[in-house]
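Along the sequence shown, the residues carry numbers beginning at 1.
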Amino acid sequence: MATTKPFLLRFKFAGFANLPSSPGDFLYSDRVTDRRHGNVWQLQLYPGGTALQVNANNSNNNTIVHVSAFLHNVEGPDVNAKTTFIVRDAYGNTFHRETSEDVDCYKALKECFGYFAFVERSVVLDEANSILLREMLIVDVEVQTGSKPPPRRLVSKNHHILDGNDF
């Protein structure tokens, strides 16, 4: 399967500062349809990090709280893709980005991929960074379809697979 031109998915989280932010609290974005391939996507966001991520940080006496984000293929065919998760500032400039090192297989309703430590929560909330646009966090995900991924559980230091047992 040849690599294709990336397409962009945009996910919006209104009232980010007031969203539940205890470790493990999460919510899903609205669903976004990729008309090119017919898939429906959703971003699972943990405003205060996942319990796993926060517990790992606390064991190292590190109390930095990260926002966690995971991309789900909610409906449609399986997709082999590399992704880049992006937080932009209020002016549209890239503030933070994380790119997968490998191609992942996004299986509809079975697995998702993302980051336990995507971006520091305090950085998102800091008004000097101009990340929240009218109190809304916007996360863009560039998706580039490609060849079949190698089998693995841990994708990279910060990029992880979650399956149905992890939700």
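- To the nearest 0.5 Å, the span separating CG on Asp78 from SG on Cys105 amounts to 4.5 Å.
- Inter-residue side-chain proximity for Leu43 and Val139 is flagged as met; some heavy-atom pair is nearer than 4.5 Å.
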Residues Arg121, Leu125; criterion side chain to side chain contact (heavy atoms under 4.5 Å, CB included); working and verdict: CA-CA 6 Å; Arg121 180 175 171 78; Leu125 295 173; 3.8 Å; yes

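- Using a distance-only test at 3.5 Å, with no hydrogens or angles considered, a donor-acceptor pair links the side chain of Ser68 to the main chain of Phe116.
- For the pair Phe95 and Asp89, the tightest heavy-atom approach, listed with the atom from each and the gap, is CB-N, 4.2 Å.
- Shortest non-hydrogen contact noted between Ala117 and Glu98 is O-OE2, 4.5 Å.
- Within a 6.0 Å radius of CG in Asp30, no more than 12 heavy atoms belonging to other residues, nucleotides or ligands are found.
- With Asn73 contributing its side chain and Tyr106 its backbone, the two residues share a donor-acceptor pair below 3.5 Å.
- Distance check, rounded to the nearest 0.5 Å: OG1 of Thr99 to CD of Gln144 gives 10.5 Å.
- Within the 3.5 Å criterion, the main-chain N or O of Arg35 finds no donor-acceptor partner in the side chain of Thr33.
- In this structure, Gly49 and Val65 approach most closely via the heavy-atom pair N-CG1, 4.5 Å.
- The two atoms that bring Cys112 and Leu71 nearest to each other are CB-O, 2.9 Å, heavy atoms only.
- At distances below 3.5 Å, not a single donor-acceptor pair connects side-chain atoms of Ser21 with backbone N or O atoms of Pro47.
- Using a distance-only test at 3.5 Å, with no hydrogens or angles considered, a donor-acceptor pair links the side chain of Gln42 to the main chain of Ser29.
- In this structure, CZ on Arg97 lies 10.0 Å from CG on Asp140, to the nearest 0.5 angstrom.
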Please evaluate residues Val143 and Asp34 with respect to the criterion side chain to side chain contact (heavy atoms under 4.5 Å, CB included), reporting the C-alpha separation (whole Å), side-chain torsions for both, the decisive distance (0.1 Å), and the verdict. CA-CA 10 Å; Val143 180; Asp34 161 27; over 6 Å; no

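- Side-chain contact between Asn39 and Pro77 is present, with heavy atoms from C-beta onward closer than 4.5 Å.
- Taking both residues in full, the closest heavy atoms of Phe118 and Ile86 are given as CZ-N, 4.1 Å, listed atom of the first, atom of the second, then distance.
- Hydrophobic clustering, with ILVMFWY side chains joined whenever heavy atoms are under 4.5 angstrom apart, keeps Val67 apart from Leu133.
- How far OG1 of Thr83 is from OH of Tyr115: 5.0 Å, rounded to the nearest 0.5 Å.
- Side-chain contact between Val141 and Phe11 is present, with at least one heavy-atom pair separated by less than 4.5 Å.
- Below 30°, between 30° and 60°, or above 60°: for Phe7 and His37 the angle between ring planes is between 30° and 60°, a tilted geometry.
- Note: Glu120 CD to Asp126 CG = 10.5 Å, rounded to the nearest 0.5 Å.
- With Asn18 contributing its side chain and Gly15 its backbone, the two residues share no donor-acceptor pair below 3.5 Å.
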Audit row: Val119, Val124, side chain to side chain contact (heavy atoms under 4.5 Å, CB included) steps and yes/no: CA-CA 8 Å; Val119 63; Val124 172; 3.7 Å; yes

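- Remark: side-chain polar atoms of Arg88 are not paired, donor with acceptor, to backbone N or O of Ile131 under 3.5 angstrom.
- For Phe85 and His96, the ring centers sit 6.0 Å or farther from each other.
- Under a hydrophobic clustering in which Ile, Leu, Val, Met, Phe, Trp and Tyr are joined whenever their side-chain heavy atoms come within less than 4.5 Å, directly or via other members, Val74 and Leu8 fall into different clusters.
- Checked against His72 for a ring-ring contact (aromatic ring centres under 6.0 Å, His included), the options Phe113, Phe26, Tyr28 give a single hit: Tyr28.
- The minimum heavy-atom distance between Asp25 and Pro20, with the atom names listed, is OD2-CB, 3.4 Å.
- Here the CD1-CG distance, from Ile138 to Leu132, works out to 9.5 Å after rounding to the nearest 0.5 Å.
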Could you walk me through whether Leu137 and Leu45 pass the side chain to side chain contact (heavy atoms under 4.5 Å, CB included) test, one step at a time? CA-CA 11 Å; Leu137 175 65; Leu45 190 80; 4.2 Å; yes

